[in-house]
Amino acid sequence: MKVIYYFSIKILRSVRRVYQHYKCYLSIGIIPNGEGSVFFNSKNIAVGDNFSMGIDCKIYAQDKQAKISIGNNVSLNDNVTINADCGGYISIGDSVMVGPGTIMRASNHNFDDVSKSFREQGHKKGIIRIKNNVWLGAGVMVFPDVSIGNNVVVGAGSVITKDIPDNSLAVGSPAKVIRTLD
């Protein structure tokens, strides 16, 4: 009898662990492709059809004001972080490809008051808008208050600090448009 009880407890704990890992996906109708991918506060995250993501993706909308909207036919490669907490907003259009290791963060720390530690100064919320048919290469960083236009390619390792217009190829740190796409 003791052996059966022991295995029942082990099974219950395993089921609970699986549920805890996948409950955020089930609440928005997504089954993750890989281990370690997480949605934080799925109530504030809207996802379109044909969405896919790789291993260890993190999508954060942790407070009540934070919002993330992801369109149709969007694919995230491994280790992508999309963070709209602290009241931020991130909008990703349709047919967007995001390379591995890319980070989008729609808020930033305040740092103007040198009489206080940076930690004590709180955050500024921001907005990131990524329109349709965009390809962000591996390791791209997207900072708050930028817009990336339609039909844009951003080269690997680029840092987006300013708006990128439609039909552009942008590269570098900070990213600069180097070519118009026809």
Side-chain angles (χ1 to χ4, degrees), residues 37-40 44-48 51-63 65-182:
S37 296
V38 193
F39 282 74
F40 291 98
N44 291 359
I45 302 169
V47 179
F51 173 79
S52 65
M53 65 182 177
I55 297 169
D56 289 327
C57 292
K58 308 284 189 279
I59 302 179
Y60 301 92
Q62 292 175 308
D63 55 64
Q65 294 78 32
K67 302 275 186 241
I68 297 173
S69 174
I70 299 174
N72 299 318
N73 303 311
V74 172
S75 62
L76 311 179
N77 208 308
D78 298 340
N79 299 307
V80 172
T81 300
I82 300 174
N83 186 333
D85 60 354
C86 302
Y89 175 69
I90 297 176
S91 171
I92 299 173
D94 296 333
S95 300
V96 173
M97 299 186 306
V98 180
T102 293
I103 299 171
M104 299 175 210
R105 182 166 165 90
S107 65
N108 210 344
H109 292 273
N110 291 317
F111 56 86
D112 294 329
D113 186 351
V114 293
S115 68
K116 293 182 183 176
S117 71
F118 301 131
R119 184 181 190 105
E120 294 174 67
Q121 294 184 49
H123 292 82
K124 293 184 241 190
K125 64 182 179 180
I127 297 173
I128 294 173
R129 285 190 174 85
I130 299 173
K131 295 188 179 171
N132 302 316
N133 195 33
V134 172
W135 175 18
L136 302 178
V140 170
M141 296 186 76
V142 184
F143 283 88
D145 299 322
V146 298
S147 179
I148 298 173
N150 292 302
N151 309 311
V152 169
V153 176
V154 177
S158 296
V159 178
I160 311 299
T161 59
K162 294 183 178 164
D163 293 352
I164 298 177
D166 292 348
N167 307 314
S168 297
L169 169 62
V171 298
S173 178
K176 292 185 170 105
V177 175
I178 61 166
R179 190 174 116 204
T180 300
L181 305 176
D182 296 328

Name all residues meeting the side-chain contact (heavy atoms from CB on, under 4.5 Å) criterion together with [X]; count only those two or more places apart in sequence or in a different chain, and write none if there are none.
X: D113; value: S115, K116, Q121
X: P100; value: N77, A138
X: N44; value: N41, A61, K67
X: F111; value: F118

Pairwise distance [atom1]([X]) to [atom2]([Y]) - rounded to 0.5 angstrom:
X: I148; Y: M104; atom1: CD1; atom2: CE; answer: 7.0 Å
X: N83; Y: S107; atom1: CG; atom2: OG; answer: 5.5 Å
X: K125; Y: D63; atom1: NZ; atom2: CG; answer: 9.5 Å
X: D56; Y: L76; atom1: CG; atom2: CG; answer: 12.5 Å
X: N150; Y: N167; atom1: CG; atom2: CG; answer: 7.5 Å

Please list all pairs passing the salt bridge (charged side-chain N to carboxylate O under 4.0 Å, His left out) test where one or both residues lie in [range], with sequence neighbours left out.
range: residues 77-91; value: D85-R105
range: residues 139-161; value: none
range: residues 164-175; value: none

| Going through the checks in order, is the side chain to side chain contact (heavy atoms under 4.5 Å, CB included) test met by T81 and Y60? | CA-CA 8 Å; T81 300; Y60 301 92; 3.8 Å; yes
Minimum heavy-atom distance between [X] and [Y], given as atom pair plus value:
X: F51; Y: I59; value: CZ-CD1, 4.2 Å
X: S168; Y: P165; value: OG-O, 2.9 Å
X: I128; Y: F143; value: CG1-O, 3.5 Å

Distance-only donor-acceptor pairs under 3.5 Å for side chains of residues 155-164, two or more places apart:
unit_1	atom_1	unit_2	atom_2	d
S158	OG	G155	O	2.8
S158	OG	G172	N	3.0
D163	OD1	S147	N	2.8

Going by atom type alone, with no hydrogens or angles, which donor-acceptor pairs under 3.5 Å involve a side-chain atom of residues 174-182 and a protein atom two or more places apart or on another chain?
none

Mind listing the side-chain donor-acceptor pairs of residues 86-99 below 3.5 Å, one per line with the distance, residues two or more places apart or on another chain?
unit_1	atom_1	unit_2	atom_2	d
D94	OD1	N72	N	2.7

| request: Output every pair passing side-chain hydrogen bond (donor to acceptor under 3.5 Å, both in side chains) with a member in residues 126-138, not counting sequence neighbours, ordered by first then second residue. | output: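 Residue pairs with at least one partner in residues 126-138: N133-N151.
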